[in-house]
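What's counted below: heavy atoms across the whole structure, side chains too, no hydrogens, waters or symmetry copies.
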There are 2 protein chains.
Amino acid sequence: MLKDIIDNNENYQPGLSIDCVIFGFHDNQLKVLLIKVERANKWSLPGGFIPIDQDIDTAAITVLNSRTGVEGVFLRQFATFGKVKRNDQHFDKKTLDYLQIEEEKGKWLMRRFVTIGYYALVDFSKILPNPTGRNEIVEWIDHKEVPELILDHREILDKALDTLRIELNLMPVGYNLLPEKFTIPELQKLYETILDKKLDRRNFLRKITNIGILTKLDEKKSNVAHKAPNLYSFDKEKYDEVLKNGLNQGW
Amino acid sequence: MLKDIIDNNENYQPGLSIDCVIFGFHDNQLKVLLIKVERANKWSLPGGFIPIDQDIDTAAITVLNSRTGVEGVFLRQFATFGKVKRNDQHFDKKTLDYLQIEEEKGKWLMRRFVTIGYYALVDFSKILPNPTGRNEIVEWIDHKEVPELILDHREILDKALDTLRIELNLMPVGYNLLPEKFTIPELQKLYETILDKKLDRRNFLRKITNIGILTKLDEKKSNVAHKAPNLYSFDKEKYDEVLKNGLNQGW
DNA sequence: AGTACATTGCGTCATAATAACACATTAATG
DNA sequence: CATTAATGTGTTATTATGACGCAATGTACT
């Protein structure tokens with residue numbers, strides 16, 4: 001795979017890559033999709049290169065799709081990372097040897113790569129984390145238990161989460177991270193997890209319903225201990241409207 | 001200049017550039033610093049390339065500094081643009097001929113360039129728009145009267161302004177765009193110009209002073225028709241604190 | 001000198017949004 | 001059938017916001 005790209009590096013945008021921070025929500029926890037190539041000892045964000053005949057946004061969609069199998073989800077560019085040292089020593093001679101890449105061609109990889117960060121919000125339950133015929137492990141990992149990552153991927157992940165926190169004030173976020181039917185407490189847990197702080201149940205309900213994007217269903221969650229919470233769904237039409245106009249105006 | 005870069009293109013990050021949207025405020029109008037190389041008929045954003053031994057943020061500072069002469073101002077990356085067609089046909093064979101660039105070397109420029117957008121907020125009064133020994137015209141242009149720009153620079157400019165509008169809710173902005181001493185009405189005009197809407201005088205005063213970053217000076221503006229408005233300055237310490245903690249929390 | 005005028009500074013009031021909290025309701029459990 | 005740990009609904013005090021009224025100020029004009 002990598003070798004293919006190197007052998008045909010004239011078909012790819014040089015010195016530029018894409019890394020995706022893919023968020024999901026499960027068991028009241030915010031998860032991040034991470035990958036590990038088999039021989040490596042560190043995890044990394046799913047990433048890829050940019051075909052010269054593809055828009056960068058399209059290339060990002062390809063990366064996301066190849067790792068999650070889903071289409072049409074929330075995907076957003078949030079920052080570009082280009083420190084000189086960011087991938088220094090990553091592909092050293094030893095690594096190239098291991099990958100059976102000729103030194104001359106390997107130079108393409110040993111230079112500084114600038115990477116464009118995208119973050120995605122996906123419905124955890126619809127994702128099959130096992131990729132199609134790749135030599136790698138793909139796993140959902142709790143965002144609070146992310147192990148050491150390669151290069152500056154930790155920085156990229158942190159920046160993605162910061163951006164998500166800020167955008168939480170500009171748009172309703174649950175639509176992309178929750179299954180079709182969900183309860184208010186679940187939605188609240190999602191917000192609490194992203195913001196990393198407790199919110200008041202009563203006030204949360206009022207504020208979230210006042211936005212006017214939720215539809216109360218005639219159905220209750222089953223198989224729960226204690227009182228069964230009501231199920232809700234998003235009103236897609238009104239949701240899109242709010243997305244367009246923005247949430248908190250401020251001025 | 002450009003020829004130098006092409007002749008030494010191995011010293012620069014390939015296929016990647018930087019474009020800066022430099023905002024200033026003057027005569028109650030939001031201005032953008034644009035440049036025009038002498039033979040061209042369209043204006044463009046000041047931009048540059050990225051030395052392989054420089055962080056992209058550093059390269060952006062260099063671009064800003066070479067065009068404005070100022071240092072230490074507000075500069076922020078806001079988006080990266082990478083459509084396949086974005087600079088298609090820009091450097092065609094004819095252009096290369098004109099610039100006396102060999103076709104083989106010119107290929108470096110004819111490929112798709114991805115550009116990283118930065119926007120800057122600078123104190124109009126401190127800028128000398130005449131660059132050091134460059135073959136170009138540099139001018140402040142009212143953001144409402146920006147002429148046709150090259151490539152997708154119009155899109156980049158619009159995106160910068162959108163970002164600025166959003167960030168206005170997250171941070172106090174005047175500090176970077178106004179001279180040290182200013183009046184509340186001036187600050188209000190700045191906000192109105194950026195947001196492109198009228199604000200109520202009385203409510204603006206209350207809201208802006210409640211933030212707690214303004215110091216009322218014992219001085220009034222002179223040489224004005226009608227009642228002389230009071231002068232204010234920013235309390236740098238509190239300003240930095242607010243910048244760090246954010247303005248409108250939302251949740 | 002006195003008045004008109006545009007603009008600033010300060011204040012009021014009704015309404016909306018927010019934060020903090022009390023209490024009744026529900027369904028599984030032992 | 002009482003216990004328990006949740007959810008659903010309501011109340012109140014406080015604060016923020018939006019829409020105004022009116023006096024104060026300094027220049028310009030007669």
inquiry  = I need a per-nucleotide contact map over nucleotides 25-30 of chain C, read 5' to 3'. Cutoff is protein heavy atoms under 4.0 Å; write B for the base, S for backbone only, - otherwise.
reply    = BBBS--
Taking atom [atom2] of [N] as reference, at what distance in whole Å does atom [atom1] of [X] sit?
X: B/L199; N: D/dC20; atom1: CG; atom2: P; result: 15 Å
X: A/K221; N: D/dG8; atom1: NZ; atom2: C1'; result: 17 Å
X: B/E186; N: C/dT8; atom1: CD; atom2: C1'; result: 13 Å
X: A/K207; N: C/dA20; atom1: NZ; atom2: P; result: 13 Å
X: A/I184; N: D/dT9; atom1: CD1; atom2: P; result: 10 Å
X: B/D200; N: D/dA16; atom1: CG; atom2: P; result: 18 Å
X: A/L231; N: D/dG8; atom1: CG; atom2: P; result: 10 Å
X: B/L205; N: C/dT12; atom1: CG; atom2: P; result: 15 Å

ask   = C/dA22, C/dG11, D/dT17: which one has an atom nearest the side-chain heavy atoms of A/R202?
value = C/dA22
task = Please tell me which of the listed nucleotides, D/dT7, C/dC21, D/dT17, lies nearest to the side chain of B/R206?
result = D/dT17
query = Would you say the side chain of A/N203 and the base of C/dA20 hold a donor-acceptor pair, judged only by whether the two atoms sit under 3.5 Å apart?
reply = yes
inquiry  = So does B/Q29 get a backbone contact from the side chain of B/D27, meaning a donor-acceptor N/O pair under 3.5 Å?
reply    = no
task = Please check if the side chain of B/E148 supplies one atom and the backbone of B/W43 the other of a donor-acceptor pair under 3.5 Å.
result = no
message = As a quick check of understanding, evaluate salt bridge (charged side-chain N to carboxylate O under 4.0 Å, His left out) for B/K36 and B/E136, giving each step before the final call.
response = CA-CA 6 Å; B/K36 189 157 93 169; B/E136 62 193 17; over 6 Å; no
Under 3.5 Å, sequence neighbours excluded: what are the donor-acceptor pairs made by side chains of residues 55-62 of chain B?
residue	atom	partner	partner atom	Å
B/D55	OD1	A/V84	N	2.6
B/D57	OD1	B/Y118	OH	2.5
B/T62	OG1	B/T58	O	3.0

task = Could you tell me whether A/K216 contacts a base, only the sugar-phosphate backbone, or nothing, with contacts defined as non-hydrogen atoms closer than 4.0 Å?
result = sugar-phosphate
ask   = When all nucleic acid strands are considered with a 4.0 Å heavy-atom cut-off, which category describes B/N210: base, sugar-phosphate, or nothing?
value = nothing
task = Might you work through the side chain to side chain contact (heavy atoms under 4.5 Å, CB included) test for B/I18 and B/I50, ending with a clear yes or no?
result = CA-CA 7 Å; B/I18 281 176; B/I50 304 167; 3.8 Å; yes
request  = Mark yes when over 12 heavy atoms from residues, nucleotides or ligands other than B/K207 sit less than 6.0 Å from its NZ; otherwise mark no.
outcome  = yes
inquiry  = For B/E167 and B/Y119, which I'm curious about, is there any donor-acceptor pair between the side chains at under 3.5 Å?
reply    = yes
